[in-house]
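The first residue of the sequence shown is numbered 1, and numbering continues consecutively from there.
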Amino acid sequence: MAYILDDDGRALVADVKNFCDKEVKEQCKAYDESGEWPKEIYDKAIELGYQMLEVPEEYGGLGLPGETILAMYEEMAWSDAGFAVTMAASNLALKPILISGTEEQKQKYCDMVVNGSLGAFGLTEPNAGSDPGAGKTTAVKDGDDYILNGRKCFITNAPVADFFIITALTDKSKGLKGMSAFIVDKGTPGLSTTNHENKMGIRTSITSDVVLEDVRIPATQRLGAEGTGFATAMKTLDLARMFVGGLAVGIAQRALDEGIAYTKTRCQFGRPVAKNQGLQFKMADMAIQIETARQLVLHAHKLYELGLPYGKEAAMAKCYAGDIAVQVALDGIQLFGGYGYSREYPVEKLLRDAKIFQIFEGSNEIQRVVIANHILGKF
């Protein structure tokens with residue numbers, strides 16, 4: 001793992017690896033089969049504070065350097081991508097609060113995450129995926145309250161979340177400029193989750209619809225001014241993309257590591273297949289792709305830390321890392337031959353887990369639109 005970390009950072013990554021080796025990697029195989037959400041694993045992870053990696057120090061967090069967080073997420077994804085997605089998705093829900101929230105909102109919800117709460121980010125709707133402007137969820141002002149109605153879909157952590165970020169139209173006539181963002185707490189009357197997805201991969205994360213039926217919340221639960229919800233959501237996704245890229249790198253690294261170990265022991269024609277130059281070249285290409293993706297992720301985060309524009313680079317990192325995660329997982333299966341196609345071996349799961357990284361947090365087609373807009377500008 002090519003991160004340049006200080007002693008504290010290396011110790012934290014080693015702790016994550018130790019935890020995942022003991023509590024996640026093998027245990028998640030059964031949950032991948034059953035599709036059950038492994039609550040006991042997450043309870044143990046929360047005891048160690050792995051749900052709060054991105055909480056700023058001023059709000060009770062650890063104040064970890066970005067490289068350390070990325071390295072820890074990569075280590076989680078190496079063991080099980082669904083586990084890593086659950087931890088990262090909770091911080092995804094915290095990002096819009098840190099971007100647009102009041103000091104009171106920031107402190108309240110950071111306190112909740114520090115104390116073990118999970119969050120969920122609700123932007124996508126059944127007819128509004130890549131086109132969030134097609135969303136139909138509404139928030140109607142009623143005195144000092146808002147009343148929310150609508151449905152969100154593909155929401156990670158929804159059934160286990162303690163708070164939700166919900167985007168809703170406060171003025172339909174203004175399109176995206178009429179979208180606002182709100183924090184809705186678990187247990188608010190009219191809020192429910194349903195349609196739990198039986199997914200192809202990342203099956204140890206839980207993904208569901210969020211239904212809002214006359215959900216009344218105080219106006220103090222709005223994030224920022226009315227009409228700024230779309231901007232907040234886009235800033236959130238810009239920031240999240242590098243972390244998503246980091247998770248994809250973890251999957252790809254696992255595929256290469258499994259392939260290396262297998263080809264050194266699998267013998268054909270009287271020698272380990274790792275001695276065949278054709279497979280050596282394949283593994284070299286896998287290593288090049290993984291390290292390129294990792295460096296794109298690190299570069300995007302460094303720009304963010306320096307206060308420089310990073311939207312294009314974050315889109316590149318997410319797009320490339322998602323694409324190579326799928327390709328490297330496919331190559332990993334090929335290294336195993338027929339055994340790679342069997343669920344007895346770990347690499348087929350990596351491919352199933354990797355595919356979503358080309359789709360969620362903005363599909364890779366949308367990432368290419370973002371990149372093209374940056375490099376072409378207005379013409």
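- The distance between the ring centers of H301 and Y310 does not fall below 6.0 angstrom.
- Cluster membership for M242 and I251, using ILVMFWY side-chain heavy atoms within less than 4.5 angstrom, is shared.
- Judged purely by atom type and a 3.5 angstrom limit, K318 has no side-chain atom pairing as donor or acceptor with the backbone of A248.
- The pair K29-D80 fails the salt-bridge criterion, with no side-chain N (NZ, NE, NH1 or NH2) lying under 4.0 Å from an Asp/Glu carboxylate O.
- For the side-chain contact (heavy atoms from CB on, under 4.5 Å) with M87, the lone residue among M76, M52, E54, M72 that qualifies is M76.
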#### Entry: Test side-chain hydrogen bond (donor to acceptor under 3.5 Å, both in side chains) applied to D257 and Y262, step by step
CA-CA 9 Å; D257 291 345; Y262 179 78; over 6 Å; no
### Query
Hey, mind stepping through N195 and E197 against side-chain hydrogen bond (donor to acceptor under 3.5 Å, both in side chains) and telling me if it holds?
CA-CA 6 Å; N195 189 35; E197 299 290 345; 3.2 Å; yes
### Task
Might you work through the salt bridge (charged side-chain N to carboxylate O under 4.0 Å, His left out) test for E365 and R368, ending with a clear yes or no?
CA-CA 5 Å; E365 289 75 15; R368 288 177 167 88; 5.6 Å; no
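- With salt bridges taken as basic N to acidic carboxylate O contacts below 4.0 Å, one links K106 and E103.
- In summary, D209 and R151 engage in a salt bridge, as defined by a charged side-chain N under 4.0 Å from a carboxylate O.
- Within 6.0 Å of CD in Q280 there are more than 12 heavy atoms belonging to other residues, nucleotides or ligands.
- L239 and V113 end up in the same hydrophobic cluster when Ile, Leu, Val, Met, Phe, Trp and Tyr side chains are linked at under 4.5 Å.
- I166 and I99 fall into different hydrophobic clusters, where Ile, Leu, Val, Met, Phe, Trp and Tyr residues are linked whenever their side-chain heavy atoms come under 4.5 Å apart, directly or through other members.
- Under a 3.5 Å cut-off, the side chain of D171 and the backbone N or O of M179 do not form any donor-acceptor pair.
- When all heavy atoms of T193 and P159 are compared, the closest pair comes out as OG1-CA, 3.9 Å.
- Without hydrogens or angle criteria, T86 side chain to G82 main chain gives a donor-acceptor distance under 3.5 Å.
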### Task
Apply the test side-chain hydrogen bond (donor to acceptor under 3.5 Å, both in side chains) to residues T167 and K152: give CA-CA distance (whole Å), side-chain angles for both, the deciding distance (0.1 Å), then the verdict.
CA-CA 9 Å; T167 54; K152 302 292 181 175; 3.0 Å; yes
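- Checked against L335 for a side-chain contact (heavy atoms from CB on, under 4.5 Å), the options V347, L279, I260, V273 give a single hit: L279.
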### Task
Give the intermediate values and the outcome of salt bridge (charged side-chain N to carboxylate O under 4.0 Å, His left out) for residues R254 and E258.
CA-CA 6 Å; R254 173 77 180 276; E258 294 287 355; 2.7 Å; yes
### Task
Using the salt bridge (charged side-chain N to carboxylate O under 4.0 Å, His left out) rule, take R352 and D32 through it: C-alpha gap first, then chi angles, then the decisive distance, then the call.
CA-CA 10 Å; R352 289 188 288 108; D32 175 69; 2.8 Å; yes
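- A salt bridge between R294 and E74 is present, with a side-chain N of the basic residue lying under 4.0 Å from a carboxylate O of the acidic one.
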### Message
Please evaluate residues D15 and R10 with respect to the criterion salt bridge (charged side-chain N to carboxylate O under 4.0 Å, His left out), reporting the C-alpha separation (whole Å), side-chain torsions for both, the decisive distance (0.1 Å), and the verdict.
### Response
CA-CA 9 Å; D15 287 344; R10 287 193 293 273; over 6 Å; no
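- Under the 6.0 Å distance and 45° angle rule, K25 does not count as a cation-pi partner of W78.
- In this structure, the side chain of T292 engages the main chain of I288 through a donor-acceptor pair within 3.5 Å.
- No option in D162, V160, I46, N157 other than N157 meets the side-chain contact (heavy atoms from CB on, under 4.5 Å) test with S90.
- By the 4.5 Å heavy-atom criterion applied to side chains, V369 and S130 are not counted as neighbours.
- Annotation: side chain of L237 is in contact with side chain of F121 (closest heavy-atom distance under 4.5 Å).
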### Message
Test side-chain hydrogen bond (donor to acceptor under 3.5 Å, both in side chains) on Q327 and D331; report intermediate values, then the result.
### Response
CA-CA 6 Å; Q327 185 57 55; D331 289 340; 3.1 Å; yes
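- Annotation: cation-pi pair K95/F243 present, NZ/CZ under 6.0 Å from the ring centroid and within 45° of its normal.
- K141 forms a cation-pi arrangement with Y146, by the criterion of a distance under 6.0 Å to the ring centre and an angle within 45° of the ring axis.
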### Message
Assess the residue pair Y42 and F83 against the criterion (ring-ring contact (aromatic ring centres under 6.0 Å, His included)); give the C-alpha distance rounded to whole Å, side-chain angles, the decisive distance to 0.1 Å, and a yes or no.
### Response
CA-CA 8 Å; Y42 290 113; F83 171 77; 5.5 Å; yes
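- Residues I333 and L351 meet the side-chain proximity criterion, which asks for heavy atoms closer than 4.5 Å.
- Side-chain contact between V13 and K17 is absent, with no heavy-atom pair separated by less than 4.5 Å.
- Annotation: side chain of K186 is not in contact with side chain of F163 (no heavy-atom distance under 4.5 Å).
- Counting heavy atoms of neighbouring residues, nucleotides and ligands inside a 6.0 Å radius, atom CZ of F360 exceeds 12 of them.
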### Task
Report the C-alpha separation of D238 and K235 in whole Å, then their side-chain angles, then the decisive distance to 0.1 Å, and conclude whether the side-chain contact (heavy atoms from CB on, under 4.5 Å) test is met.
CA-CA 5 Å; D238 268 353; K235 290 176 183 176; 5.5 Å; no
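- In this structure the side chain of I183 reaches within 4.5 angstrom of the side chain of Y109, judged on heavy atoms.
- Proximity of V210 to L191: side-chain heavy atoms (C-beta onward) are separated by under 4.5 Å at one or more points.
- The main-chain N or O of G227 is found under 3.5 Å from a side-chain atom of S180 such that the two form a donor-acceptor pair.
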